[in-house]
Amino acid sequence: MHPLPRSFYDRDTETVARAMLGMLLAHRVEGRLRIGRIVETEAYLGPHDLAAHSAKGLTKRTSIMFGPPGHAYVYLIYGMHWCMNVVTQAEGHASAVLLRAVEPVKNIEGRTQGPALLCKAMGIDGRLNGHDLLSDSLYLCRPRASGDPFSIVKRPRIGVDYAGHWARRLLRFYIRGNPFVSKP
DNA sequence: CTCCGGATTCGT
DNA sequence: CGAATCCGGAGT
């Protein structure tokens with residue numbers, strides 16, 4: 001298994017969010033490789049996207065989003081839950097894709113249907129903020145077998161009602177019929 | 001410095 | 001539907 005190349009992330013964010021479906025997320029914890037298959041994502045397009053954290057501009061918190069593609073942006077929400085994104089497009093673009101659900105593949109305990117649940121189940125927390133995804137401890141990779149073909153459902157993003165018309169954009173993607181999607 | 005509210009989840 | 005529980009960002 002080797003990580004997807006930097007060029008995978010250095011593309012249009014919506015394209016990356018769709019391409020990530022079916023890919024594997026791997027995290028090595030104490031010598032054990034935890035693997036989940038990505039089944040649900042959301043695209044956050046940049047500072048002009050009022051639902052994106054980068055809409056606040058370049059701050060200490062958003063600096064990872066403004067950085068180069070292929071890095072993890074991990075943040076704490078509601079004082080208790082970690083959520084993970086992958087940074088997309090060129091440095092300075094400040095776009096990212098949120099991982100919303102994975103299907104357990106290997107060494108995973110607990111539920112994975114939701115951005116915070118998948119982080120908990122895979123042992124992902126703030127220590128991984130800024131981590132390069134071209135590494136051997138946290139990365140995305142192509143599955144060995146491509147698996148059954150699937151179609152992609154497009155829906156409005158979850159929990160961003162404050163973002164005006166951006167809340168209605170169809171920037172949430174998931175594998176049709178997959179039982180591990182957070183809110184089918 | 002204080003205040004507000006959040007890319008969520010769980011229990012009532 | 002409301003609590004949990006911390007901190008980033010905005011305002012004073």
Side-chain angles (χ1 to χ4, degrees), chain A residues 9 11-21 23 25 27 34 36-67 69-89 92-104 108-131 133 138 140 152-175 178-184:
Chain A
Y9 303 99
R11 294 184 290 168
D12 168 80
T13 303
E14 192 171 331
T15 301
V16 177
R18 297 173 65 101
M20 281 167 59
L21 296 177
M23 296 296 181
L25 171 67
H27 182 208
R34 302 188 184 194
R37 176 173 176 255
I38 298 168
V39 299
E40 180 182 353
T41 60
E42 281 179 359
Y44 289 85
L45 305 188
H48 58 296
D49 176 358
L50 297 183
H53 291 170
S54 55
K56 300 288 185 185
L58 175 56
T59 66
K60 187 170 184 178
R61 183 196 197 199
T62 63
S63 64
I64 301 300
M65 276 189 84
F66 280 85
H71 292 255
Y73 166 46
V74 182
Y75 69 94
L76 185 66
I77 186 65
Y78 296 110
M80 63 191 92
H81 303 302
W82 295 103
C83 296
M84 174 180 166
N85 301 250
V86 304
V87 177
T88 58
Q89 303 199 242
H93 198 278
S95 52
V97 175
L98 172 70
L99 299 176
R100 277 203 60 92
V102 302
E103 175 180 334
I108 295 203
E109 297 165 15
R111 298 167 51 207
T112 56
Q113 311 175 14
L117 289 172
L118 83 85
C119 282
K120 185 180 181 198
M122 293 199 62
I124 293 164
D125 63 27
R127 292 171 295 184
L128 291 167
N129 189 32
H131 192 96
L133 297 174
L138 180 68
L140 271 61
I152 298 175
V153 179
K154 302 169 61 168
R155 289 284 184 269
R157 292 171 292 184
I158 302 291
V160 296
D161 291 345
Y162 58 84
H165 70 277
W166 285 97
R168 293 193 282 278
R169 290 283 302 273
L170 303 179
L171 294 172
R172 172 176 176 237
F173 308 96
Y174 61 84
I175 294 177
N178 188 283
F180 294 93
V181 168
S182 66
K183 295 175 182 175

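Here is the naming used below: chain letters follow the sequence lines, and residue numbers restart at 1 for every chain. The shown structure was predicted, so the numbers you read here are calculated from the model rather than taken from an experiment.
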Write down the atom of [X], the atom of [Y], and the distance for their closest heavy-atom approach.
{"X": "A/Ala94", "Y": "A/Ser54", "answer": "O-OG, 2.9 Å"}
{"X": "A/Gly57", "Y": "A/Phe66", "answer": "O-CE1, 3.4 Å"}
{"X": "A/Ala72", "Y": "A/Ile64", "answer": "O-CG2, 3.5 Å"}
{"X": "A/Ala55", "Y": "A/Leu50", "answer": "CB-CA, 4.1 Å"}

(request) Indicate yes or no: at least one non-hydrogen side-chain atom of A/Leu128 is less than 4.5 angstrom from one of A/Trp82. (result) no
(message) Could you tell me if the side chain of A/Arg34 sits less than 4.5 Å from the side chain of A/Ile124, heavy atoms only?
(response) no
In whole angstrom, give the distance that lies between atom [atom1] of [X] and atom [atom2] of [N].
{"X": "A/Glu42", "N": "B/dT8", "atom1": "CD", "atom2": "C1'", "value": "12 Å"}
{"X": "A/Tyr78", "N": "C/dT5", "atom1": "OH", "atom2": "C1'", "value": "12 Å"}
{"X": "A/His81", "N": "C/dT5", "atom1": "NE2", "atom2": "C1'", "value": "9 Å"}
{"X": "A/Asp125", "N": "C/dC6", "atom1": "CG", "atom2": "C1'", "value": "15 Å"}
{"X": "A/Met80", "N": "B/dC10", "atom1": "CE", "atom2": "C1'", "value": "10 Å"}
{"X": "A/Trp82", "N": "B/dT9", "atom1": "CH2", "atom2": "P", "value": "15 Å"}
{"X": "A/Lys183", "N": "B/dC10", "atom1": "NZ", "atom2": "C1'", "value": "12 Å"}
{"X": "A/Leu50", "N": "B/dA7", "atom1": "CG", "atom2": "P", "value": "12 Å"}

(request) Scan side-chain atoms only and decide if A/Thr88 and A/Ser95 contain a donor-acceptor pair under the 3.5 Å cut-off. (result) yes
Using a cut-off of 4.0 Å on non-hydrogen atoms, how would the nucleic acid contact of [X] be classed: base, sugar-phosphate, or nothing?
{"X": "A/Met84", "answer": "nothing"}
{"X": "A/Arg172", "answer": "nothing"}
{"X": "A/Ala51", "answer": "base"}

Polar atom pairs (N or O), protein with nucleotides 1-5 of chain B, under 3.5 Å:
none

(request) Using only side-chain N and O atoms of A/Tyr73, determine if any of them is under 4.0 Å from OP1 or OP2 of B/dA7. (result) no
(message) Return a single string for nucleotides 7-12 of chain C, one symbol per nucleotide in 5' to 3' order, where B is base contact, S is sugar-phosphate-only contact and - is none, cutoff 4.0 angstrom on heavy atoms.
(response) -SS---
(message) More than 12 heavy atoms of other residues, nucleotides or ligands under 6.0 Å from CZ of A/Arg11: yes or no?
(response) yes
(request) Taking the six-membered ring of A/Phe180 (Phe, Tyr or Trp), confirm whether the NZ or CZ of A/Arg37 is under 6.0 Å from its centre and within 45° of its axis. (result) no
(request) Using the closest heavy atom to pick a nucleotide of DNA chain B for each, name whichever of A/Arg111 or A/Ile158 lands nearer the 5' end. (result) A/Ile158
(message) For C/dA3, give the paired nucleotide (Watson-Crick: N1-N3 plus N6-O4 or O6-N4; G-U: N1-O2 and O6-N3; both under 3.5 Å), or none.
(response) B/dT9
